[in-house]
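Report on the following structure.
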Amino acid sequence: EAQVTQNPRYLITVTGKKLTVTCSQNMNHEYMSWYRQDPGLGLRQIYYSMNVEVTDKGDVPEGYKVSRKEKRNFPLILESPSPNQTSLYFCASKQGTSGFVSYNEQFFGPGTRLTVL
Amino acid sequence: AQSVSQHNHHVILSEAASLELGCNYSYGGTVNLFWYVQYPGQHLQLLLKYFSGDPLVKGIKGFEAEFIKSKFSFNLRKPSVQWSDTAEYFCAVISLEAAGNKLTFGGGTRVLVKP
């Protein structure tokens, strides 16, 4: 089954304790992205990756890191989490980064609910 | 900066009522437009999308949306809602000229359908 998976689905941690949220897709997609969802703000992009070893900042990158060493994986790293990073995080992927038909539909993972105390 | 506005944050209606959710975006150029739905406790699912061609787009579960380029709008409609349509709905836009093919979301509209 074609899907985007995230782990863990739920995480409660404390300020300053490094954590990683994994994201994996089995659709051979080039593009992957991380979003955070906060009430009334919709989803805001944290980082994105156009392909392996190519990453760039989105709208709210502060406090986050990513890496893209393999096509299928795009982990989100919080080196020193703070309470304002308490949020619902979604990973997404899509087939390509140019063109029109069928290239720009993003597929979303199930979400990771993170609480930082 | 590009932005997407959804004017209603919360909508409450009864079953069989008609639904229309507004979405406006702020930038010109070539855009791809999407409506996503998020049922309680679930991840985002694509309802419908517009890339080009007929501006009236039909999606899953009886939803449709109309792209009006002159108004920078992409409103979502459903003639008769069901209790199972209770969810949060997000409009999203990609400007094909923008760096990184970024998908910009509106703030979402929570829809509650009363049985």
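Letters go in sequence order (proteins before strands), and every chain restarts at 1.
A side-chain donor-acceptor contact under 3.5 Å links Asn73(A) and Ser24(A).
More than 12 heavy-atom neighbours from other residues, nucleotides or ligands sit within 6.0 angstrom of NE2 on His7(B). Surrounding CD1 of Ile12(A) are at most 12 heavy atoms belonging to other residues, nucleotides or ligands under 6.0 Å away. Counting heavy-atom neighbours within 6.0 Å of Arg44(A) CZ, excluding the residue itself, gives a total above 12.
In this structure, the ring of Tyr36(B) has its center no less than 6.0 angstrom from the ring center of Phe90(B).
With a 4.5 Å cut-off on non-hydrogen atoms, Glu88(B) touches chain A through its side chain but not through its backbone. Of the two parts of Leu41(A), only the backbone, made up of N, CA, C and O, holds a non-hydrogen atom closer than 4.5 Å to a non-hydrogen atom of chain B. In this structure, no portion of Gln45(B) lies under 4.5 Å from any heavy atom of chain A. Looking at Leu44(B), both its backbone and its side chain come within 4.5 Å of chain A, counting heavy atoms on both sides.
Ranked by heavy-atom pairs under 4.5 Å with chain A, the list His43(B), Gln42(B), Gln6(B) is led by His43(B).
Lys61(B) has no carboxylate O lying under 4.0 Å from a charged side-chain N of Asp85(B), or vice versa, which leaves the two without a salt bridge. The pair Lys65(A)-Glu79(A) meets the salt-bridge criterion, since a charged nitrogen lies less than 4.0 angstrom from a carboxylate oxygen.
No side-chain donor-acceptor contact under 3.5 Å links Glu15(B) to the backbone of Pro115(B).
At a heavy-atom separation below 4.5 angstrom, chain B is approached by Leu88(A), Phe90(A) within residues 82-93 of chain A.
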